[in-house]
Amino acid sequence: MSKYNLDYLDELEAEAIHILREVAGQFEKPALLFSGGKDSITLVRLAEKAFRPGKFPFPLVHIDTGHNFEETITYRDKMVERLGEKLIVGYVQDSINEGKVIEQKGKNASRNSLQTVTLLDTIAKHGFDACIGGARRDEEKARAKERIFSVRDEFGQWDPKRQRPELWNIYNGRIHKGENVRVFPISNWTELDVWNYIRREKMDLPSIYFAHKRDTITRNGQLMAASPFLNMDDADVVTNRMVRFRTVGDMSCTAAVESEADQIDDIIEEISASKISERGARLDDKVSEAAMEDRKKGGYF
């Protein structure tokens with residue numbers, strides 16, 4: 001009998017497709033959380049492989065802070081048009097207008113943490129019982145200990161001490177009324193795995209992932225894109241630099257790295273030599289030692 005061998009990207013892809021199909025089979029109203037970043041773009045490609053030529057068994061959901069990179073929103077809209085799939089957008093500005101959250105003040109103000117309320121409201125409004133996300137274990141220590149099927153209670157909260165075993169790739173999606181599950185199909189991937197997959201699949205990405213000239217300021221030791229969403233003052237010196245972004249989020253908390261890597265091969269080489277994780281360029285993770293875990297306990301992605 002001939003032996004069928006898969007390379008490591010094939011194995012990761014097969015696992016992720018299996019998880020996506022498990023979601024479709026176990027849940028009544030799943031959704032795919034889409035940020036416009038490389039990980040959620042990878043999820044969309046995996047969903048195409050899992051469900052085409054049929055339609056996706058879930059809509060795409062974007063929680064829009066209103067402070068996004070223009071390149072990301074442009075990419076999102078073009079991608080949705082190409083796919084012909086449904087996009088649901090939850091707006092943080094609506095949560096602010098309704099008095100559900102209060103906009104932060106001060107020099108380091110950000111809307112990033114406000115997303116949680118908007119997300120939970122969007123889940124409740126549409127009755128989603130599972131939300132697929134692009135989190136990976138290598139990103140951050142709180143994500144490293146979270147299961148692929150991560151149950152959240154009726155308040156959207158995650159309890160790290162009450163997680164279900166996932167032996168032999170068996171996933172338990174049973175939930176009580178009001179609960180929902182966050183599902184992470186690429187949890188076992190690394191940043192380098194994602195980039196190698198992007199190269200193999202010849203996937204398009206928002207241009208901010210590649211080196212480009214941009215006006216920046218230095219804030220808390222990080223290079224931030226100069227924008228109207230940052231509370232800038234006379235102490236902020238704007239400098240035009242060659243940069244790129246390793247991760248994409250709210251402009252007020254996502255830092256750039258100086259780079260000349262404008263091709264995928266160059267980015268892969270750069271990442272291979274880096275000693276800093278991609279979340280090292282996220283100011284929201286530096287609020288405290290347990291910043292990510294605290295946000296996840298409150299209902300964050």
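Side chains are part of it too, since the values below use all heavy atoms of this structure and drop only hydrogens, waters and symmetry mates.
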Chemist: My understanding is that only residues two or more places apart in sequence, or in another chain, count here; which of them pass salt bridge (Lys or Arg N to Asp or Glu O under 4.0 Å) with Glu201?
Modeler: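 Once residues adjacent in sequence are excluded, the partners of Glu201 under the salt bridge (Lys or Arg N to Asp or Glu O under 4.0 Å) criterion are Arg45, Lys49.
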
Chemist: Assess whether atom CD of Glu179 is packed by more than 12 heavy atoms of other residues, nucleotides or ligands within 6.0 Å.
Modeler: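 It does: Glu179 CD has more than 12 such atoms within range.
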
Chemist: Quick one: does any side-chain atom of Ser252 pair with a main-chain N or O of Ser110 as donor and acceptor, under 3.5 Å?
Modeler: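 No: the side chain of Ser252 does not pair with the backbone of Ser110.
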
Chemist: Within the side chain of Glu15, is there an N or O that forms a donor-acceptor pair under 3.5 Å with the backbone of Asn188?
Modeler: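 No; judged by distance alone, with no hydrogens or angles, the pair does not exist.
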
Chemist: From Thr247 OG1 over to Asp39 CG, what is the distance, rounded to the nearest 0.5 angstrom?
Modeler: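 One finds 7.0 Å between OG1 of Thr247 and CG of Asp39.
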
Chemist: Side chains of Gln104 and Ser113: is there a donor and an acceptor less than 3.5 Å apart?
Modeler: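 A pair is found: one side chain offers a donor N or O, the other an acceptor, under 3.5 Å apart.
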
Chemist: Got a sec, which residues hit side-chain contact (heavy atoms from CB on, under 4.5 Å) with Asp265, two or more places apart in sequence or on another chain?
Modeler: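 Expected list: Arg199.
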
Chemist: Do you know which of Val89, Leu32, Leu33 makes side chain to side chain contact (heavy atoms under 4.5 Å, CB included) with Leu60?
Modeler: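 Between Leu60 and the candidates, side chain to side chain contact (heavy atoms under 4.5 Å, CB included) is satisfied uniquely by Leu32.
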
Chemist: Identify, with sequence neighbours excluded, every residue that meets side-chain contact (heavy atoms from CB on, under 4.5 Å) alongside Asp236.
Modeler: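 Asp236 satisfies side-chain contact (heavy atoms from CB on, under 4.5 Å) with Lys107, Ile217, Arg219, Met232, Asp233 once adjacent residues are dropped.
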
Chemist: Which pairs count as ring pair (Phe, Tyr, Trp, His ring centres under 6.0 Å) when at least one residue sits in residues 83-122, sequence neighbours excluded?
Modeler: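 Not a single pair qualifies under ring pair (Phe, Tyr, Trp, His ring centres under 6.0 Å).
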
Chemist: When clusters are formed from ILVMFWY side-chain contacts under 4.5 Å, directly or step by step, what else is grouped with Val243?
Modeler: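 Grouped by the 4.5 Å side-chain rule, Leu223 form the rest of the cluster around Val243.
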
Chemist: Among residues two or more places apart or on two chains, list those pairs meeting side chain to side chain donor-acceptor pair (under 3.5 Å) that have a residue in residues 119-128.
Modeler: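 Applying side chain to side chain donor-acceptor pair (under 3.5 Å) to every pair that reaches into residues 119-128, excluding sequence neighbours, yields Lys100-Asp121.
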
Chemist: Assign the ring pair Tyr171 / His18 to parallel, tilted or perpendicular, where the plane angle (0 to 90°) is split at 30° and 60°.
Modeler: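 The arrangement is tilted - the two ring planes meet at 30° to 60°.
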
Chemist: So, the side chain of Asp129 versus the backbone of Phe27: is there a donor-acceptor pair under 3.5 Å, distance only?
Modeler: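 Answer holds: no.
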
Chemist: Between Lys29 and Gly127, which heavy-atom pair has the shortest distance, and what is it?
Modeler: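 Shortest heavy-atom separation between Lys29 and Gly127 comes out as CB-O, 3.6 Å.
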
Chemist: Could you walk me through whether Phe69 and Tyr209 pass the ring-ring contact (aromatic ring centres under 6.0 Å, His included) test, one step at a time?
Modeler: CA-CA 11 Å; Phe69 290 91; Tyr209 277 111; 9.6 Å; no

Chemist: Please report the interatomic distance CD1(Ile271) to CG(Asp266), rounded to the nearest 0.5 Å.
Modeler: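 Ile271 atom CD1 to Asp266 atom CG measures 11.0 Å (nearest 0.5 Å).
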
